[in-house]
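Here's the structure, in structure tokens; my notes come after.
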Amino acid sequence: MSNGAPNVSRDTLATTLEQIATLLELQGENPFKTRAYRNGAETVRSYDGDIVAIAANNELAGIPGIGKALQDKLHELASTGKLEFYDKLRAQFPDTIFELFEIQGLGPKKIKALYQELEVGSIARLKEVCESGEVSQLGGFGKKTVANILEAIAFREQNASSFDRKTATHAAEMICDFLRTLPDAGQIEVAGSLRRGKETVGDLDFLVTTKNPQAVCDAFAAAPFVDRTIAHGSTKVSINLDNGLQCDLRAISADELPFALSYFTGSKEHNVEVRSRMRKRGVSLNEYGLTPIDEANAPEIPEIRTEADLYKFLELDYIPPALRENRGEFDAAAEGTLPRLIELGDLRGTFHNHTVASDGNATLREMAEAAIDLGLEYLGIADHSKSSFQANGLDASRLQWQIDEIRKLNDEFKQEGVNFRVFAGSEVDILKDGSLDFPDDVLAQLDYVVASVHNAFTLPEAQQTQRIIDAISNPHVTMLGHLTGRLLLKREPYAVDVNAVIDAAAETKTIIELNANPRRLDMDWRHWHSARDRGVLCSINPDAHSTKGLQMLRFGIDVARKGWLRKQDVLNTRTTREVERYLNL
DNA sequence: GCCGTTTTCGGCCCGACTGTTTTCAGTCG
């Protein structure tokens, strides 16, 4: 930002539109209007370009989903930092009104009634009127509803609403193991955002084919991992695990599987587009099948046995779940230019791993042997540098000692006939001024260098961005570690112009890391497609601090796929020899 | 509020479960 322009972020634009949608719902506004605001928010969030600048310059015309009304509002907000329409809406409700939407079972109609009749504008006040019994004056609020609200409030107080990929993946595997023991269960599939590879997951969706849906539902609802049952019908069950993770199960017939899988995999935005394309072909799609819109003029509907058949009917290539976000996959599928996505088996090694020398808990040899057990051909060690004293970072002399240890280990592997190489690196701190924590002559001793930010998270965006660009401009830097420093569900990314860093990385031929740690998954998948097209190479790194940590690579692969990355876009799919050549070794 | 190879007006994805309003509205995904 410059020239005293208001400091409005993409998130501000999107969140404002979302809140307008919510507030309009509370006013009982036309649901299609509120949806238009929500769509607009999603468009702003996922737009590939500097949407804030475009809005500030009033050049939004032509972006699908942003019509005249939203253009004007976004322009006003981006150029002045304020939006009168929004402020007037906000003034009609307390600031805490939004938290009521986090209570399961409460939607706009009930919240509107609560607010208008009982002045309920916060969760605290909601709890009061439920406990005092005042709420039963309202139509539609019976005993059961009140009990459910109180339970949902208690639940929210105890549990977060989102989960990292690792937690969600392990829960899904445990539940699938359980489902496989059911005699009535046929095919078992995990759908939803987990299947799409999202970095965090709000709930898990299971599909089970069966001839006896009631039995599957009953068994699921009675499973030992169920902490709380939200709904229990004859084809659908929703439960919470004791960590709060919500799990939904649908019992369906085998014929319905491709439709249900497509439907419940989403994303919502992708599904809307699929349905719209189906409608243009004269059919309506739901989770059970395809039906002609007009029986008299029914088109010929082919047999649908797989999701691929559904896409084929739309004259599209099969779109992998990772790409189903309505972010360009339909055009690519129509043109036959969908990427062949990277797979876990493509990885031959990995960089950015720690040992006991800094803050890891496994020795050099233990880490190397764990990598060998995973089928890898090489492993990059990159312990912290001295400024990360909290992580026992290495100074130049300890680093030299470690380099010698690595050379020795490689010799031992050679003598043992093990075809494996350890690369000597460092995760060198990017200092506040953009210089590096080791002088160039020390860095020159290393096989490769990961440069990362570990402090001064609160620098202004311009300064933080320049600091990182200065660091990766050092020719000794091979790759940039965890670009934004975010800790999912815990710490926001620091303010940094990711696009400017990507451009600099392309310019300086610096690799950008995809940190596979499920708490990071940084750089975010939304940037990879465009970074790839700008010629930036990726390295998928587990940032392992233990032998087990190496297994986090799978989550990096999930996110790389989500970012449209192919095998050739990722350094550590290359052979040892190719990597050596790349590193000039 | 957005949008147009049926349309500048009249549509906008669709169904399960719950609780309560005894025939359906609200919520959720």
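All chains are named by letter (A, B, ...) in the order of the sequence lines, taking the proteins before the strands, and each is independently numbered beginning at 1.
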Please work out if [X] contacts a base, only the sugar-phosphate, or nothing of the nucleic acid, heavy-atom cut-off 4.0 Å.
X        : value
A:Phe264 : nothing
A:Gln246 : sugar-phosphate
A:Gly140 : base
A:Ser238 : nothing
A:Lys280 : nothing
A:Pro64  : sugar-phosphate
A:Asn271 : nothing
A:Ser276 : nothing
A:Lys268 : nothing
A:Ser284 : sugar-phosphate
A:Leu24  : nothing

Provide, to the nearest angstrom, the distance between the [atom1] atom belonging to [X] and the [atom2] atom belonging to [N].
X        : N      : atom1 : atom2 : result
A:Asn286 : B:dG29 : CG    : C1'   : 14 Å
A:Leu106 : B:dG29 : CG    : C1'   : 17 Å
A:Ile252 : B:dC14 : CD1   : P     : 19 Å
A:Arg35  : B:dC3  : CZ    : P     : 14 Å
A:Lys68  : B:dG4  : NZ    : P     : 18 Å
A:Phe101 : B:dC28 : CZ    : P     : 9 Å
A:Met278 : B:dC14 : CE    : C1'   : 14 Å
A:Glu42  : B:dC2  : CD    : P     : 16 Å

Between [options], which nucleotide has the shortest distance from any of its atoms to the side chain of [X]?
X        : options                : value
A:Arg275 : B:dC12, B:dC14, B:dG29 : B:dC14
A:Asn30  : B:dG1, B:dC13, B:dA16  : B:dG1
A:Ala36  : B:dT18, B:dC13, B:dC2  : B:dC2
A:Lys73  : B:dG1, B:dC14, B:dT27  : B:dG1

*Between A:Asn148 and A:Tyr37, which has a closest nucleotide on DNA chain B that is more 5'?*
A:Tyr37
_Both A:Leu138 and A:Lys236 contact DNA chain B. Taking the nearest nucleotide for each, which residue is further toward the 5' end?_
A:Lys236
Would you check if the side chain of [X] reaches a backbone N or O of [Y] as a donor-acceptor pair within less than 3.5 Å?
X        : Y        : result
A:Gln71  : A:Asn58  : no
A:Arg324 : A:Ile319 : yes
A:Thr12  : A:Val8   : no

OP1 or OP2 of [N] versus the side-chain N and O atoms of [X]: is any pair under 4.0 Å?
X        : N      : result
A:Tyr288 : B:dA16 : yes
A:Arg279 : B:dT7  : no
A:Lys109 : B:dG26 : yes

Identify each donor-acceptor pair in which a side-chain atom of residues 107-114 of chain A lies under 3.5 Å from a protein atom, sequence neighbours left out, and give them as a table.
none

*Run the ring pair (Phe, Tyr, Trp, His ring centres under 6.0 Å) check on A:Phe220 and A:His232 step by step: do they pass?*
CA-CA 9 Å; A:Phe220 183 68; A:His232 178 181; 9.3 Å; no
*Does NZ or CZ of A:Lys312 come closer than 6.0 Å to the centre of the six-membered ring of A:Tyr318, within 45° of the ring's axis?*
no
*Between A:Arg281 and A:Glu315, does at least one N-O distance fall below 4.0 Å, as a salt bridge requires?*
yes
*asked:* As a test of the definition: with a 90° window around 0 for syn, would you call B:dT20 syn or anti?
replied: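 It is anti.
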